[in-house]
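Inspection log for the structure reproduced underneath, given as structure tokens.
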Amino acid sequence: MQENRQKGNARGGGEDRGMKFEEFREVLRSVIGANTEDSWVERFFSEVDISRTGQITWQQLCSYLLLEYTERQRASIPTAALLDAQPQMRHCSHNKRQPTVRVLAVSHPPPRRYISVSKGGQVTVWNSSLHILKTSGLAGDPTDEVANTRRFRGWTTDAVYMSNVQKVAIATDCRDLHFLSASPTTVIEDVHLFGFRSVLTALCYWHEVQRPPLLLLGDEKGGVHLIWFLNPFKGLFKSSSKKEGGPQRIYFPDLGEHSSMVSYHYIPKIHQEPINRVMFEPGTNVIMTSSESDTTSVVFMSVSLKKEPSIWKFKQGATCFDYSASLQLMVTGGCDRAVRLWARYVTTSPVATLRGHHTTVLDVTIYQPVGQIFSYSRDAELRVWDISTHHCLKTIRLQFPCLQPGRIPEHGSFPFLLLSPPLPEDTQPHLVVGCKDYLAVLKLAERRRGGGGWFTHEGREFGSEIHWGPSLSCAVYNPSLRQVVTGCTDSSVSVWDVETGRRRLHIGNAHGEVELVCLTLDSSHRRLITEARNGTIKVWNLLSGLNLHKLEPITDSEVTGLTCLHDNQLLAVGWSRRIAQYNIAGGKDMNVRADMSWKSSGVHKSDILAVCQCSALGLVATASYDGEVVVWRLETQGPVLHLQRETQARVALPVDSLLFLQHRAGSQKLRSRGVLVSSQAGCLCFWSITGQKHTYGQFCAPEQPNECVLSLSSDQPKNSILVSGDTTGLLQIWDISSYALDIQPKSACERPPLLRCWKAHTKALVCVEVLEVADRLFVLTASVDGSAGLWTKDGGCVGIFGQGVMWNITDPATYHRENNQKEDDEERNESDKLGPGEVKSEVPDPSNKGQTLQEDCCPEASSSGPADNDREQPQQPMYLCEDFCQAVAVSQERRRLFDGIKNNNHD
């Protein structure tokens, strides 16, 4: 290919001359082979020729290949399992400023709860939401009487929950072991086993049905105590014949008297340093221990001691470790700030050494469902590592309130509590991290998630049927490629073939974990622009799925609307209340900076929610949360007109959608009539933006009160129909061929003829769009219920995108008529009863106050006086208005509904 490039440069006088399709095909065949299919070459050519010039240069080809390689490399890296940007913090004031040594999860008997043990011996019971239920302290030495109380004087070293007998075992530096019974709300100490020869430093408990449960105790001298409980359901130890006022006290050297209840064994000198972790692998009966010894850092040894132990040695030893039997993988952390991955039977060298921590690693754990590792260091830094790639996926500096600048916080010996599947139905996987007397709770994903921008072509689909899950937040139709693009709240994008309903492309995690808000196309219809709730904007190649540009956000606030001008100048609006412009015509720079030359500062007093452009008049309209519509001139980049609906209630209502009627705008005769349509709390207003009279008509579209219209569309070549979709999932088609062409009195509120009305989805419609395919009109719908559908203009369902059986857009026999046939028959029978020319769902009964348009939609109607109710009703139906209080209530309800759908956090 280098030879071909040199030849091309030679023929072109040294310049990077463009190649047309025929020449490009010959070059590819000379490199790849003569059997290369023309269809593949044509698609490849189209993916590189993003600007549709009909030729490509070597620079364009090299840029495309580099982007492809970079995207595939990035897509291979999964997303960190942590779902919370900022974890929930909990404070345990009962710890008396002492760190929490261990947190235990108790799921049986329900409800789920937690037990924390502080260094000073305070035991606290928490509910499932980590709110304190009860707290108590360990009992002290009965010979130590201070003011007639026995107070525990020492430090706890570790604790473990014995789930089958519902007890908690707590070790202390007093060389003893406390056993407490754990009820749903409290803990009571039962047994005090004291007099061990050394301090117990690490605990582990294991049980199964067929074998006696085993309690493992690592000590400060490097040895391990093994205690088997032979009759655990009758009691851990032999009951005392003496009646004692407190817990039963057992002297450890007298443990032989309890031989009918326990069996004891001690393995000495496994390590030269105190044991800091102990685990048990029941499948192979292996005890696993670690210490900070250079010569015995981690030891795996058989309970029977018949096999030679496996010993891992590394400098400064291990402060912590975790092991996964299914992965045959061990992870260690140490004072040298490194996290090491080890194979089960290879002790000489680690599989990988992960560096990045700046202080001692205190704890590590393997989160097997997603193949990731969590590590935590003394400076309160949490890192997430991928096991397969060894990449650090995420670093979080946990902002505990107890942290002080320049000081290393105090931690317990066991900061982590990981709850991973399988779990009860009401429990989500999560990680609890302890720092001094605070706990941080981080929610985790249950399955492995791909990296941002992971894309799938139709040849790599996992099945023909798509099961919809996440809600759709936006959709757009691409007339050039005859494709529908949908965006989900889980930050995924799907591209569908409108002629068959088949998915052509899928981009997962387009913006990480952030919800998509809006989509638009560039002027060539070859690039897709996506925007997420955090204000980030990206440009994608629609044919290949490559991320071409990342647009610099002007603030961290949400961008709610995008529109691309004819010269590929992109306009973005949102909560910043300003218009940002981006030049995406270039193609060389990955990161594109914002141009703030528009005179938009201070024009909108509230967040901008919608934007629409009119190319025929060279105008752009923006609408805000307070109901104001501003019309801007593209040539001057400044406002030329302010529009605001008058409401007697004086309650600001958000504008949900804007639509320019392009045919009217392009006609010399019609451009001074109702050209701009706005949707405000379900009321559709037609505005003239060039004539003297601005309001040319308004009516309420939803059939149910307190609903909103979130999307509008029209057949732009003619503007004979208007399509509206509301928050109940209802789709309506209006005849506007002669509507809003004459000035309409405000008191009339006449509605245009309703041609069709049907329930398209079970939840709110976030997008409706009129399409023209194969010389026929169709309607695209996308809903919060997670599905997108295609309909005929008469209400017939063509199909749902992603359904098991594909359709042929040119063959009505392949349309999905099963659900609509019954409705058509019922509607036909009802129409026969109503008579010719009548539509059942056209207008609600004006006499029904529950169905009337409220005062905020028609402020003039209520001023006509009581006598107006006796006047003859006009042939075109008209809503009546309620009083002032009802208007205010409806306005507030509509705002609440709007906030719920848009997930807006306005007060």
Side-chain angles (χ1 to χ4, degrees), residues 77 201-202 204 206 216 218-224 226 267-368 370-378 383-393 413-414 416 418:
I77 301 175
T201 54
C204 176
W206 168 86
L216 295 156
D219 64 23
E220 63 178 345
K221 294 182 179 179
V224 174
L226 291 80
I267 306 175
K269 298 181 180 179
I270 301 173
H271 298 268
Q272 285 73 43
E273 298 289 339
I275 292 177
N276 49 41
R277 293 288 191 282
V278 59
M279 295 179 63
F280 181 68
E281 212 288 293
T284 54
N285 280 338
V286 169
I287 302 170
M288 299 167 281
T289 56
S290 65
S291 73
E292 295 183 29
S293 169
D294 295 342
T295 57
T296 54
S297 303
V298 180
V299 177
F300 282 19
M301 61 185 303
S302 168
V303 173
S304 63
L305 303 179
K306 293 181 180 180
K307 298 180 181 179
E308 286 294 322
S310 300
I311 302 175
W312 286 263
K313 307 175 183 180
F314 46 92
K315 191 175 180 180
Q316 295 182 302
T319 55
C320 53
F321 83 97
D322 194 19
Y323 176 72
S324 171
S326 59
L327 299 177
Q328 295 287 290
L329 177 72
M330 180 178 67
V331 182
T332 62
C335 296
D336 61 352
R337 308 181 297 278
V339 176
R340 294 178 174 88
L341 278 64
W342 305 84
R344 167 64 178 87
Y345 296 102
V346 180
T347 62
T348 54
S349 61
V351 175
T353 301
L354 313 178
R355 301 191 182 274
H357 282 291
H358 305 289
T359 54
T360 300
V361 178
L362 297 180
D363 215 343
V364 292
T365 187
I366 300 173
Y367 187 41
Q368 187 174 330
V370 299
Q372 294 176 12
I373 297 168
F374 302 134
S375 62
Y376 181 71
S377 57
R378 195 178 294 278
R383 287 179 175 257
V384 185
W385 310 85
D386 181 55
I387 293 177
S388 58
T389 64
H390 307 152
H391 280 93
C392 180
L393 304 179
S413 302
F414 308 90
F416 275 172
L418 174 65

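Note that the structure is a prediction, hence the values are computed from the model and not measured.
- Taken to the nearest 0.5 Å, the OH atom of Y376 stands 9.0 Å off from the OG1 atom of T359.
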field: side chain to side chain contact (heavy atoms under 4.5 Å, CB included) between I387 and I366, worked out
entry: CA-CA 9 Å; I387 293 177; I366 300 173; 4.1 Å; yes
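- Side chains of V339 and R383 form no contact here, defined as non-hydrogen atoms less than 4.5 Å apart.
- The CD atom of E273 sits 10.0 Å away from atom OG of S297, with the distance rounded to the nearest 0.5 Å.
- Checked by atom type, the side-chain pair Q272/S291 shows no donor-acceptor distance below 3.5 Å.
- Side chain of D363 to main chain of C320: no donor-acceptor pair is present (N/O by atom type, distance under 3.5 Å, no hydrogens or angles).
- Between C204 and V278, the shortest heavy-atom distance links the atoms CB-O, 3.4 Å.
- Side chain of T360 to main chain of L362: no donor-acceptor pair is present (N/O by atom type, distance under 3.5 Å, no hydrogens or angles).
- Classification of the F300-F321 ring pair by plane angle, with boundaries at 30° and 60°, yields tilted.
- Of all heavy-atom pairs spanning F416 and S375, the tightest one is CZ-C, 4.0 Å.
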- request: Applying side chain to side chain contact (heavy atoms under 4.5 Å, CB included), run through R344 and S310 and close with a yes or a no.
  value: CA-CA 9 Å; R344 167 64 178 87; S310 300; 3.7 Å; yes
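- To the nearest 0.5 Å, atoms CZ (F314) and OG1 (T332) are separated by 4.0 Å.
- Between A202 and I275, the closest heavy-atom pair is CB-O, 4.1 Å.
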field: Test log, rule side chain to side chain contact (heavy atoms under 4.5 Å, CB included), inputs L341 and I373
entry: CA-CA 10 Å; L341 278 64; I373 297 168; 3.8 Å; yes
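- No donor-acceptor distance shorter than 3.5 angstrom exists from the side chain of H357 to the backbone of R337, with no hydrogens or angles considered.
- The two residues N285 and F280 have their closest heavy-atom pair at OD1-CZ, 3.6 Å.
- For the atom pair OG1 (T201) and CZ (R277), the distance works out to 10.0 Å, reported to the nearest 0.5 Å.
- For the pair W206 and L216, the minimum side-chain heavy-atom distance is 4.5 Å or more.
- Rounded to the nearest 0.5 angstrom, I287 CD1 and L305 CG are separated by 7.5 Å.
- Within the structure, every pair that satisfies the side-chain hydrogen bond (donor to acceptor under 3.5 Å, both in side chains) test and touches residues 314-328, not counting sequence neighbours, is listed here: D322-T365, Y323-Q328, S324-S326, S324-Q368, S326-Q368.
- Going from atom CE of M288 over to atom CD1 of I270 covers 12.5 Å, rounded to the nearest 0.5 Å.
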- request: Quick one: do K307 and T284 satisfy side chain to side chain contact (heavy atoms under 4.5 Å, CB included)? Show the steps, please.
  value: CA-CA 11 Å; K307 298 180 181 179; T284 54; over 6 Å; no
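- Judged by distance alone, the side chain of W312 and the main-chain N or O of G317 form no donor-acceptor pair under 3.5 Å.
- By the ring-ring contact (aromatic ring centres under 6.0 Å, His included) test, Y367 pairs with F374, sequence neighbours left out.
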